[in-house]
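Beneath this line is the structure, given in structure tokens, with notes to follow.
To find a chain, count down the sequence lines: A is the first, B the second, and so on, and within it residues start at 1.
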Number of protein chains: 2
Amino acid sequence: MLDFKTALETLRNYLKEHEMRFTTERMIILEEIFNFPPHFDAEKLFIHIRSKYNHISRATVYRALELFDKIGIIKKLNLGGGVAQYELKMDLPHHDHLICVVCGKVIEFVDDTIERLQQEIAEKHGMEIINHQLQIYGRCKEHRKQ
Amino acid sequence: MLDFKTALETLRNYLKEHEMRFTTERMIILEEIFNFPPHFDAEKLFIHIRSKYNHISRATVYRALELFDKIGIIKKLNLGGGVAQYELKMDLPHHDHLICVVCGKVIEFVDDTIERLQQEIAEKHGMEIINHQLQIYGRCKEHRKQ
DNA sequence: TCATCTATGAGAATGAGTCACAATTTATGT
DNA sequence: ACATAAATTGTGACTCATTCTCATAGATGA
Ligand SMILES: [Zn+2]
Ligand SMILES: [Zn+2]
Ligand SMILES: [Zn+2]
Ligand SMILES: [Zn+2]
């Protein structure tokens, strides 16, 4: 279900329902996200897109990313490093991230126990959870010290 | 052990060992951190300090925060919102954060099971953990919807 | 006190991200 | 296809947090 065609359909439907326009720029940006590494930042995506379509502006890329995030096609992440990262979402299940501080590699994981414990912690403090993020920073197999 | 005197000693020792200067600016900034809310950002701290000591510059505050973080007197946090947050650290135990998206209130917590599970997850992927952060965003007691 | 060399203040520079606005495109009805 | 209205785009200016530059001030050790 995480293919370009489906995403494009989702986009088309959302735009129609909200009296917004389906533009080639939005289509191109969505397509290029599917050609791109699974975790990326806006600037790298813009450079990549610009190299193929030199009329598409930085602002349009940022605006599209914001839109796709709102629709739920992608998810904006806060992995540290001062730059927002994005990943395709669609109906992928929630997950958290292991990040190698040497090479930047990102590994995804889910742990149901951790998810459940978070609920319990929030309840204990009277809080209603909206979302959460767990980042584990370390050195990956290739870069750990022996 | 989390008092100003001890922190000042730590600072003095570090500076001496590294052929760096003990300055009144560094002392004042450290002192004001102890007069400040437990989670703060650089700009608010700067404004506060500036109101009492109008010669201290923004750059010096930022440089001191970087230094104190390196020494381990404070900890730089990434709670989202695009601005770095800081908290006193010294030898306080590790903890994570619940954050109210309405009022910004921050609640600290630790859960040993979650901590242990993270170790297991990292090992399963061959990663050596350096650190981690877990942020739970939600609505606090006062701001949750009934 | 003096010499040395680090730290500071001021403001310029950077970098990610946003905004304003004129020009362009899309969607819709004819 | 055409006209119209409204949304979108490209450009460049702008914001905001943070870092950098560099001349001057200040701390330290002899
Ligand atoms: Zn690595
Ligand atoms: Zn991911
Ligand atoms: Zn609240
Ligand atoms: Zn805290």
When you check the gap from the basic side-chain N to the acidic O, do [X] and [Y] get nearer than 4.0 Å?
{"X": "Glu87(A)", "Y": "Lys75(A)", "result": "no"}
{"X": "Lys76(A)", "Y": "Glu66(A)", "result": "no"}
{"X": "Glu120(B)", "Y": "Arg116(B)", "result": "yes"}

Please work out which of the three classes, parallel, tilted or perpendicular, describes the rings of His18(B) and Tyr14(B), given edges at 30° and 60°.
->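 Plane angle under 30°, so parallel.
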Listed nucleotide nearest any side-chain atom of Arg63(A), set dA7(C), dG29(D), dG10(D) | dG10(D)
Residue Phe22(B), side-chain heavy atoms: nucleotide from dT28(D), dT8(D), dG9(C) that is nearest =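 In terms of side-chain proximity for Phe22(B), the closest of dT28(D), dT8(D), dG9(C) is dT28(D).
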Filtered N/O pairs between nucleotides 23-25 of chain C and protein, under 3.5 Å:
none

So, do Lys89(B) and His94(B) sit near enough that their side-chain heavy atoms are less than 4.5 Å apart?
-> no
Linking I/L/V/M/F/W/Y whenever any side-chain heavy atoms sit under 4.5 Å apart, do Phe36(B) and Leu8(B) land together?
-> yes
With a non-hydrogen cut-off below 4.0 angstrom, is Arg26(A) in contact with a base, only sugar-phosphate, or nothing?
->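 Result for Arg26(A) = sugar-phosphate.
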Between Glu19(B) and Val61(B), whichever has its closest DNA chain C nucleotide further toward 5' is Glu19(B)
Between atom NE2 in His18(B) and atom C1' in dA7(C), what is the gap in whole Å?
->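 In whole Å, dA7(C) C1' and His18(B) NE2 are 17 Å from each other.
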Write down the distance between CZ (Phe46(B)) and C1' (dT8(C)), rounded to a whole number of angstrom.
-> 13 Å
Just by protein heavy atoms under 4.0 Å, how would nucleotides 11-18 of chain C read 5' to 3' in B, S and -?
-> B----SSB
Mind checking the CD1-OH spacing from Ile33(B) to Tyr86(B)? Nearest 0.5 Å is all I need.
->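 That separation rounds to 9.5 Å.
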Could you grab the distance from atom NZ of Lys5(A) to atom OG1 of Thr10(A), nearest 0.5 Å is fine?
->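 Answer for the NZ-OG1 pair, Lys5(A) versus Thr10(A), is 14.0 Å.
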